[in-house]
Colleague: 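Please read through the structure below; I'll follow up with questions.
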Amino acid sequence: MNIILMGPPGAGKGTQAEKLVSKYGLVQISTGDMFRKEMKEDSKLGVIAKFFIQYGHLVPDDITIDIVRERLSKNDFPNGFILDGFPRTVVQARSLESLCKELGFKIDAIINLDVDFDKLIKRLSGRRVCRECGATYNLEFKPSKKPGICDICGGELYQRIDESEDAVKIRLQTYTRQTRPLIDYYTMKGQLININGDQSMDDVFKDIEKCLGV
Ligand code: ADP
Ligand code: AMP
């Protein structure tokens, strides 16, 4: 089963992807996580990505499509994959279609998590991420047991560089301008499954399972 998880920043894509990974053994492919890894390593790609990410802009399509092509080419998903945060533009969606043809993959479900912008700002400002293992918490909705410390590995929790008030504003504008058109794109193809993301994390997951028929 190969799934695309769509939705604005903070809609819960990573949270739901984690649940799908642990229950169904799918592989999560998060372009955001891939860029953050490169930034942590200070690689050439990381330096370029940071330039865009820190201000809330998208990384250019050609760079993003290249890293997805490289990742999908590994073909190491016996149970399928979840694309989390890709595609984010119509150009990326079209490239993914060619890539799937070329590599022999089929996308089985395109799920859009729908959450109002005022709720997203609250979620994003409270998001904290483990520096070591990348686990995600929320000061209000999913606090760690010890403040500032990851429950899983004891790593330090930090706030992402693109979660300042200004960057969040730009990210939401970027979403509206460049990513929201994908909702029409996939709706017109009859492929989009809309899910109310403004529910508890477990209820969102139940709805996803219902739609997938698993
Ligand atoms: P995305 O990957 O779409 O950017 P995340 O899964 O990282 O979003 O979630 C953003 C923040 O909101 C995180 O701090 C997460 O713990 C929290 N969160 C995710 N889903 C929910 C939910 N259903 N209700 C409340 N908070 C949530
Ligand atoms: P995320 O972790 O999905 O919120 O992504 C963090 C940031 O990485 C985004 O705000 C973009 O700057 C960049 N990014 C992630 N995925 C993509 C993508 N598919 N296309 C362009 N930029 C991306």
Side-chain angles (χ1 to χ4, degrees), residues 4-21 28-39 45-46 48-69 71 82-96 99 111-130 134-144 150-151 157-164 166-175 177-179 182 195-208:
I4 296 177
L5 264 184
M6 282 178 43
K13 301 179 292 296
T15 301
Q16 298 303 324
E18 196 186 304
K19 289 177 183 289
L20 287 163
V21 168
Q28 178 187 9
I29 301 177
S30 157
T31 38
D33 284 351
M34 286 155 87
F35 288 135
R36 277 185 290 278
K37 181 169 175 282
E38 297 290 333
M39 289 196 287
L45 171 59
I48 296 171
K50 187 174 179 186
F51 178 77
F52 298 96
I53 290 175
Q54 64 186 336
Y55 300 116
H57 299 298
L58 293 185
V59 177
D61 283 335
D62 53 344
I63 297 177
T64 307
I65 291 162
D66 274 356
I67 63 162
V68 172
R69 167 190 291 277
R71 182 64 193 89
I82 308 157
L83 284 171
D84 160 5
F86 182 93
R88 259 175 156 105
T89 64
V90 173
V91 170
Q92 292 180 14
R94 294 210 174 104
S95 298
L96 178 63
L99 207 53
I111 295 172
N112 180 51
L113 300 176
D114 193 19
V115 182
D116 286 345
F117 272 25
D118 51 340
K119 300 250 170 58
L120 294 175
I121 292 170
K122 221 169 163 199
R123 284 189 190 180
L124 292 171
S125 60
R127 171 158 59 188
R128 296 293 182 273
V129 183
C130 175
T136 298
Y137 297 86
N138 193 285
L139 295 180
E140 185 172 346
F141 305 111
K142 191 186 170 189
S144 56
C150 178
D151 294 347
L157 302 186
Y158 79 108
Q159 187 168 29
R160 284 169 38 170
I161 51 164
D162 56 352
E163 252 140 38
S164 66
D166 283 350
V168 164
K169 251 189 238 156
I170 295 171
R171 282 165 67 204
L172 293 177
Q173 285 166 5
T174 302
Y175 169 78
R177 232 184 25 247
Q178 293 181 266
T179 308
L182 279 180
I195 290 197
N196 176 13
D198 186 12
Q199 314 177 69
S200 73
M201 300 177 199
D202 288 343
D203 284 345
V204 175
F205 190 60
K206 277 186 203 146
D207 278 0
I208 291 178

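Both ligands and their constituent atoms are indexed starting at 1 by order of listing.
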Colleague: Exactly which residues line ligand 1, taking a heavy atom under 4.0 Å from it as the test?
Modeller: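 The answer is Pro8, Pro9, Gly10, Ala11, Gly12, Lys13, Gly14, Thr15, Arg123, Arg127, Thr136, Tyr137, Asn138, Phe141, Gly197, Gln199, Ser200, Met201, counting any residue whose heavy atom sits under 4.0 Å from ligand 1.
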Colleague: Under a 3.5 Å distance rule, please check whether Gln199 uses its side chain to pair with a backbone N or O of Phe205 as donor and acceptor.
Modeller: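 Answer holds: no.
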Colleague: Check residues 136-143 and write down every donor-acceptor pair under 3.5 Å in which the side-chain atom is one partner and the other belongs to a residue at least two apart or another chain.
Modeller:
| from | atom 1 | to | atom 2 | distance (Å) |
| --- | --- | --- | --- | --- |
| Tyr137 | OH | Asp151 | N | 2.9 |
| Asn138 | OD1 | Glu140 | N | 3.0 |
| Asn138 | OD1 | Phe141 | N | 3.0 |
| Asn138 | ND2 | Arg123 | O | 3.0 |
| Lys142 | NZ | Thr136 | O | 3.3 |

Colleague: Any sub-3.5 Å donor-acceptor pair from Gln16's side-chain atoms to Gly12's backbone N or O?
Modeller: no
Colleague: Main chain of Gly7, side chain of Lys13: is a donor-acceptor contact present, judged purely on distance under 3.5 Å?
Modeller: yes
Colleague: Closer than 3.5 angstrom, by distance alone: can the side chain of Lys37 be matched with the main-chain N or O of Gly46 as a donor-acceptor pair?
Modeller: no
Colleague: Please list, by chain and number, the protein residues whose heavy atoms come under 4.0 Å of ligand 2.
Modeller: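 Those residues closer than 4.0 Å to ligand 2 by some heavy atom are Thr31, Gly32, Phe35, Arg36, Ile53, His57, Leu58, Val59, Thr64, Gly85, Phe86, Arg88, Gln92, Arg160, Asp162, Arg171.
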Colleague: Quick one: does Asp114's side chain get under 4.5 Å of Asn196's, heavy atoms only?
Modeller: no
Colleague: Glu163: which residues meet the salt bridge (charged side-chain N to carboxylate O under 4.0 Å, His left out) condition with it, sequence neighbours left out?
Modeller: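 Only Arg127, Arg160, Arg171 meet the salt bridge (charged side-chain N to carboxylate O under 4.0 Å, His left out) criterion with Glu163.
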Colleague: Are Val59 and Ile67 packed together at the side-chain level, in the sense that at least one heavy-atom pair is separated by less than 4.5 angstrom?
Modeller: no
Colleague: Side chains of Asp207 and Asp203: does their closest heavy-atom pair fall under 4.5 Å?
Modeller: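 Heavy-atom side-chain distance check fails, nothing below 4.5 Å.
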